[in-house]
Amino acid sequence: MITAAQMRAARALLGIDQRQLAEMSGVSLPTIQRMEASEGNVRGVVDTLTKVIEAFDRAGIVLIGEGTPSPQGGRGVRFREPSAK
């Protein structure tokens, strides 16, 4: 799975806009816009999600799932659980 926040963060790391992601993935711009506007996990056609994830992979982006260690130990960004007050 990929979240809308991960999509926006991945684009920011690559320095690309939504139109460029659409071109890279072969997905329409309105679809990318809808995906990024969603809450939490992106929902959509599996084939479409796969195209976006594969485009990020080709560009060198590693998407890290919740509770999953980074496979290559490189730099990255992720939220940590807020501490209890």
Side-chain angles (χ1 to χ4, degrees):
M1 275 298 157
I2 183 173
T3 67
Q6 281 179 305
M7 284 185 67
R8 292 187 300 271
R11 278 194 312 100
L13 285 171
L14 294 172
I16 62 172
D17 61 20
Q18 290 177 330
R19 183 174 308 281
Q20 289 168 299
L21 177 57
E23 291 170 2
M24 288 171 53
S25 62
V27 173
S28 73
L29 176 59
T31 298
I32 296 294
Q33 291 169 333
R34 277 193 304 275
M35 292 170 84
E36 287 194 4
S38 63
E39 297 271 336
N41 287 336
V42 172
R43 296 176 190 204
V45 178
V46 173
D47 185 51
T48 303
L49 293 169
T50 301
K51 286 179 180 180
V52 171
I53 292 168
E54 287 175 348
F56 283 138
D57 187 57
R58 285 190 304 273
I61 297 294
V62 176
L63 299 168
I64 305 169
E66 178 114 11
T68 305
S70 176
Q72 295 163 336
R75 293 180 186 216
V77 176
R78 79 171 357 150
F79 280 114
R80 65 176 145 76
E81 291 296 317
S83 57
K85 292 188 177 191

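Since the structure is predicted, the reported quantities are computational estimates derived from the model, not experimental observations. Note that the numbering runs from 1 along the sequence shown for the chain.
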Atom pair CD/OG1 of Q18 and T31 - distance to nearest 0.5 Å: 11.0 Å

Working for side chain to side chain contact (heavy atoms under 4.5 Å, CB included), residues L49 and M35: CA-CA 9 Å; L49 293 169; M35 292 170 84; 3.3 Å; yes

Expected output: side-chain R11 to main-chain Q20 donor-acceptor under 3.5 Å: no

Spatial distance of atom CD1 (I53) from atom OG1 (T48) [nearest 0.5 Å]: 11.0 Å

Minimum-distance pair of heavy atoms, taken over all atoms of S38 and A4: O-CB, 3.3 Å

R19 side chain vs L29 backbone, donor-acceptor pair below 3.5 Å: no

Counterpart residues, side chain to side chain donor-acceptor pair (under 3.5 Å), relative to T50 (two or more places apart): none

Side chain to side chain donor-acceptor pair (under 3.5 Å) involving R43 - partner list, sequence neighbours excluded: none

From OG1 (T3) to CD (E36), nearest 0.5 Å: 10.0 Å

Rounded distance [0.5 Å steps], CD1 in I61 versus CG in L13: 5.0 Å

